[in-house]
There are 2 protein chains.
Amino acid sequence: MTPVTAAERSDAARNRERLLLAARELIGQGGVAALTMDRLAEHAGVGKGTIFRRFGSRAGLMLTLLDDSEAAFQARVLFGPPPLGPGAAPLDRLIAFGAGRIAYVLEYGDLVLAAGHASRGRFDVPAAALWNHHVQMLLREAGVDSPEPWLMAGSLNATLDAERLLHLVRDHGVTIERLATSWRDLVTRVAGGA
Amino acid sequence: MTPVTAAERSDAARNRERLLLAARELIGQGGVAALTMDRLAEHAGVGKGTIFRRFGSRAGLMLTLLDDSEAAFQARVLFGPPPLGPGAAPLDRLIAFGAGRIAYVLEYGDLVLAAGHASRGRFDVPAAALWNHHVQMLLREAGVDSPEPWLMAGSLNATLDAERLLHLVRDHGVTIERLATSWRDLVTRVAGGA
DNA sequence: AATAGAACCGGACTACGGTCCGTTTAGTCC
DNA sequence: GGACTAAACGGACCGTAGTCCGGTTCTATT
């Protein structure tokens, strides 16, 4: 977050902390929907413009709020124990990745949803690029020789879209187990399995 | 559109026509973004409330605007010549369906995008259910025996999400041919092909 | 410690989608 | 054709995300 070129000014840092704290408080009280920018500004004792300079948009703020948990998940994928982390067979890692992603999305629900409504389109966000790359790597290791590896990885990731998953769970009562099963089925077939 | 239970009142019909005409005019002049509800109301000489009673939301209006082309595409899929229509091998129909869908989304671009921002979530819209059912049927005919046929069809359709396709084309310069290739690769693998 | 200027601050302002409710009008029944 | 009712109408109103810019505060420099 802190730019390399210049240290963050102390008042800016103080306000950023205040804002994140106030944001979590508001969400804790009334859910993500209760977090409006006006309320946040008032509750944090800060001007509205300050929020937008700092986080760019409401979605940017949500992204920042998710930073910690997102980093934790990334760490589990990149350095954690198998099958999610390195060490397991590529297909098993792929299956575990989907299951983990599904669990993550359902756990943070509305927050992920709100973060997705970024003006940038929710695809170019750094994390998305990382997952794309990760899936692409696992596919290659699994021996999948696709004419469009990058697009194939993107397609599989589109399957894990937060809005879709939450819609299925909330409006159709689909269980997390069924989602995981479906993902396993999909990637197994793509990888040329049974 | 006209409810079976009661005929539409003449003033309502007149205003609906006015609104659709004015909407197409505004879009023709300044693109979909230029179609704001206030402007539309003024340009059509109609109150704003009238628009919302008739179409429910901005997305609903967009959906209505797409009605004709959507119906045309549906007709091609359900009754048209192979490989999109009936008569071809299931896998070929599936491939053609994706290609057709991609072309459709790219052709109507922003309109489809705006229609997708419906409050209902863009998944429960009637057309989406139809495509889901269609893909599910083709998979079954192709001998794909999935533990979750409905979710599998939904996953494949998620791959054709308008926002994703348009993002790839507009922000990454991906061609329609590459998208079609990737879709073919995906469904071929799912169907157990090469 | 004084100073300059960059970074930051705040809140009034805009544009938008969507709602509400008192008013008008179309269709119907006598 | 007059009266009645349900439907449609319209535009003021609301809450929202996001912008703008004059004033303020921090920090580096001397």
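Residue numbers start from 1 in every chain, and the chains themselves are labelled A, B, ... in the order their sequence lines are given, proteins ahead of strands.
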**Prompt:** Where do B:R16 and B:D11 land on the salt bridge (charged side-chain N to carboxylate O under 4.0 Å, His left out) test, with the steps shown first?
**Reply:** CA-CA 9 Å; B:R16 196 193 55 216; B:D11 53 348; over 6 Å; no
Test item: [X] side-chain N/O and [Y] main-chain N/O as donor-acceptor pair under 3.5 Å:
X	Y	value
B:R76	B:G85	no
A:S69	A:L66	yes
A:R93	A:V77	yes

Can you measure [X] atom [atom1] to [N] atom [atom2] for me and round it to whole angstrom units?
X	N	atom1	atom2	result
B:E8	D:dA8	CD	C1'	11 Å
B:L61	C:dC16	CG	P	15 Å
B:F55	D:dG10	CZ	P	14 Å
A:E42	C:dA12	CD	C1'	15 Å
B:R16	D:dA7	CZ	C1'	15 Å
A:D38	C:dC13	CG	C1'	12 Å
A:R58	D:dG15	CZ	P	16 Å
B:R39	D:dG11	CZ	P	18 Å

**Fill in**
salt bridge (charged side-chain N to carboxylate O under 4.0 Å, His left out) pairs touching residues 44-65 of chain B, sequence neighbours excluded, are B:E8-B:R54, B:D38-B:K48
Could you list, one pair per line, each protein nitrogen or oxygen that sits under 3.5 Å from a nitrogen or oxygen of nucleotides 19-25 of chain D, together with the distance?
| from | atom 1 | to | atom 2 | distance (Å) |
| --- | --- | --- | --- | --- |
| D:dT25 | O2 | A:R9 | NH2 | 3.2 |

**Prompt:** Got a sec, which residues hit ring pair (Phe, Tyr, Trp, His ring centres under 6.0 Å) with A:H43, two or more places apart in sequence or on another chain?
**Reply:**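 A:H43: no ring pair (Phe, Tyr, Trp, His ring centres under 6.0 Å) contacts found.
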**Prompt:** Any ring pair (Phe, Tyr, Trp, His ring centres under 6.0 Å) pairs touching residues 135-165 of chain A, not counting sequence neighbours?
**Reply:**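 Residue pairs passing ring pair (Phe, Tyr, Trp, His ring centres under 6.0 Å), neighbours aside: A:W150-B:H172.
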**Request:** Hey, could you give me each pair passing ring pair (Phe, Tyr, Trp, His ring centres under 6.0 Å) that has a residue in residues 63-103 of chain A? Not counting sequence neighbours.
**Result:**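 Found A:F73-A:Y104, A:F73-A:W131, A:F97-A:W131, A:F97-A:H134.
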**Item:** Candidate pair A:R189 and B:S146, rule side chain to side chain donor-acceptor pair (under 3.5 Å), full reasoning
**Value:** CA-CA 10 Å; A:R189 287 176 185 279; B:S146 170; 5.2 Å; no
**Asked** Which ones in residues 17-37 of chain A lie close to DNA chain D, meaning a heavy atom under 4.0 Å from one of its atoms?
**Response** A:T36, A:M37
**Message:** Would you say A:N15 places a side-chain N or O within less than 4.0 Å of OP1 or OP2 belonging to C:dC9?
**Reply:** yes
